[in-house]
Amino acid sequence: MRKVLYATGLGAMAAFAAGAANANEELAKMAQDPKGWVMPAGDYANTRYSKLNQINASNVGKMQVAWTFSTGVLRGHEGGPLIIGNMMYVHTPFPNKVYALDLSQDNKIVWKYEPKQDPDVIPVMCCDTVNRGVAYGDGKIFLHQADTTLVALDAKTGKVEWSAKNGDPSKGSTGTSAPLVIKDKVLIGISGGEFGVQCHVTAYDTKTGKQVWRAFSEGPDDQIMVDPEKTTDLGKPVGKDSSLKTWQGDQWKIGGGCTWGWMSYDPSLNLVYYGSGNPSTWNPKQRPGDNKWSMTIFARNPDTGMAKWVYQMTPHDEWDYDGVNEMILSDQQIGGADRKLLTHFDRNGLGYTLDRVTGELLVAEKYDPKVNWTTGVDMNKGSPTYGRPKVVDQFSTDKQGEDVNVKGICPAALGSKDEQPAAYSPETQLFYVPTNHVCMDYEPFKVSYTAGQPYVGATLSMYPPPGETHMGNFIAWDGKTGKIVWSNKEQFSVWSGALATAGGVVFYGTLEGYLKAVDAKTGKELYKFKTPSGIIGNVTTYENGGKQYVAVLSGVGGWAGIGLAAGLTDPTDGLGAVGGYAALSNYTALGGTLTVFSLPQQ
């Protein structure tokens, strides 16, 4: 069995007393104990893998509900709880409540944090009022509120230690992403690509909340924090003004490239990895050029913010294929050689494997066979278009032009996978990927920019691929070869995060509300249970009192469930999702519940 970078878990509550200087070491140590879940992804490598095996492929069918907790909030519940010692920290969508539950005292509420936020932030949140979770470090719980306030709460009492404003909601910035604590810093991104925000990742001091550095996705070299000679793109220096040269005039100032996805970190390389989102506007005619560095994987030094390497997956994006999805780090062999890998399932429908040390592109293949906007990526290192996708003119919204409804593009704007994170098992060396199986019609139109107003410039409709009725698959993927190993059909998109365990079981949730457990090797369904609402949360596991538990938030919403969450009925509302997922209301309703499972008492 190949080692996972860091197994999920936690250490003793004594870690609460750890100083900021060694917070990184404490978190890494805590993450080696599989009894808890100390980071949003379980570990720095974003594997969402647990060494716990009390629940396994032979007995998971006996699993039953152990307890439940109502969050008191409706709309989309993304992310999942943290488990630190005997404490569980549960978050909600707007107004972004945080509950601290004592697992050793019948899940008693020890404290509750409920910020007072201006409800005017809600209309500025493009795709539901979601929040992807809290982070822990230096004895604090870090929350990124919808109004972009980053707050540090005392983990024992819930008292606000400090807060920092990360953006301006009046100009379209919002907070939906989960923070990541690295050493004495907490890193956070920003949302607002549909409002023309110039997006960034920012590092704050965990003790004081003081801003340490901020790196934008597009703009001058000093703002995007690249070195023209030392920062590389596919092995070559990016060169001076690498971003500015790919935008017309000052368009980069409202260029998007938002950073609302998941971050990962390799302590041995001291590099943090994340992706940037779509360029603004969605009308490609209004922003000629490659629009760098939107749609890009960044590898940065978390101490300084300086980028070591970049790779742009979808230059001059014409379809809203954000590149924010998680970067999963693994150590595997390719071509007989040990490699430090980064695997990324992009919205554009391509699964990428790169060398995370150098940024070398190793694999780029379709992880949904219906992807048709591209025939694939040019993998010839000697080619002038090396690393670029080969676009099919028929599905190019730029070539077809403004006010032309380009039909039958696969995938839809929400991608073959959106933010719902995949998992990786070091035992099977497979990735387990929740996917969308959805196509679209896309009509771009001219739009003018007004601060704080939507800056989209496209009308969409979504539907299953021609001749098919299902809108999702849950797949196992070999990142070394770029091949699907097995695939399970789902009626709707699989919008929950996956969990892989040493028990040979993989868990995920469905939009109808089912928690499902499948065999890691074959995909055979072993268990399912319908929770009170559709699941767009991420499955978590932990051990308490010698017993393994599996936990998941249910509460339908997110982009796929925005029609239900916000009461929308026009098929083109929700950026096209309302019509595509209209049937979802026949299967589930709004909710906000944490459901926790375990094996029955022996």
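Throughout, numbering of the chain's residues begins at 1 and tracks the sequence. Source: prediction; values computed, not measured.
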Colleague: Drop me the distance from Leu590's CG to Ser585's OG, to the nearest 0.5 angstrom.
Modeller: 10.5 Å

Colleague: Could you verify whether a donor N or O on one side chain and an acceptor N or O on the other, from Thr92 and Thr71, lie under 3.5 Å apart?
Modeller: no

Colleague: Answer yes if the side chains of Asp441 and Tyr463 hold a donor-acceptor pair under 3.5 Å, and no otherwise.
Modeller: yes

Colleague: Report yes or no: do Ser396 and Asp398 form a side-chain donor-acceptor pair below 3.5 Å?
Modeller: no

Colleague: State whether Lys370 and Glu468 are salt-bridged, where the test is any N-O pair (Lys NZ or Arg NE/NH1/NH2 against Asp/Glu carboxylate O) under 4.0 Å.
Modeller: yes

Colleague: If you measure from CZ on Phe395 to CG on Asn372, what distance do you get to the nearest 0.5 Å?
Modeller: 4.0 Å

Colleague: Hey, what do you get for OH (Tyr367) to NZ (Lys417), rounding to the nearest 0.5 Å?
Modeller: 6.5 Å

Colleague: Atom CZ of Arg48 and atom CG of Asn538: how far apart are they, to the nearest 0.5 Å?
Modeller: 4.5 Å

Colleague: Say whether Ser242 and Trp293, considering side chains only, have a donor N or O and an acceptor N or O under 3.5 Å apart.
Modeller: yes

Colleague: Got a second to check how far Lys521's NZ is from Thr428's OG1, nearest 0.5 Å?
Modeller: 8.5 Å

Colleague: Among Asn325, Asp418, Asn278, Asn436, exactly one meets side-chain hydrogen bond (donor to acceptor under 3.5 Å, both in side chains) together with Arg347. Which residue is that?
Modeller: Asp418

Colleague: Does Tyr321 have its ring centroid less than 6.0 Å away from the ring centroid of Trp373?
Modeller: yes

Colleague: What do the steps show when you test Thr510 against Glu512 for side chain to side chain donor-acceptor pair (under 3.5 Å), and what is the final call?
Modeller: CA-CA 5 Å; Thr510 74; Glu512 304 101 300; 3.1 Å; yes

Colleague: Cut-off 3.5 Å, side chains only: do Thr385 and Ser383 have a donor facing an acceptor?
Modeller: yes

Colleague: Taking atom OG of Ser280 and atom CG of Asp320, what is their separation to the nearest 0.5 Å?
Modeller: 9.0 Å

Colleague: Do Glu427 and Tyr49 have side-chain atoms, one donor and one acceptor, less than 3.5 Å apart?
Modeller: yes

Colleague: Ring-plane angle category for Phe431 and Tyr424, please: parallel below 30°, perpendicular beyond 60°, tilted otherwise.
Modeller: tilted

Colleague: What about the rings of Tyr508 and Tyr432, do their centers lie closer together than 6.0 Å?
Modeller: no

Colleague: Check the side chains of Asn283 and Glu402 for a donor-acceptor pair under 3.5 angstrom, ignoring hydrogens and angles.
Modeller: yes

Colleague: Give a yes-or-no answer on whether the side chains of Ser493 and Tyr581 include a donor-acceptor pair shorter than 3.5 Å.
Modeller: yes

Colleague: For Asp378, is there an ion pair with Arg388 - N to carboxylate O distance below 4.0 angstrom?
Modeller: no

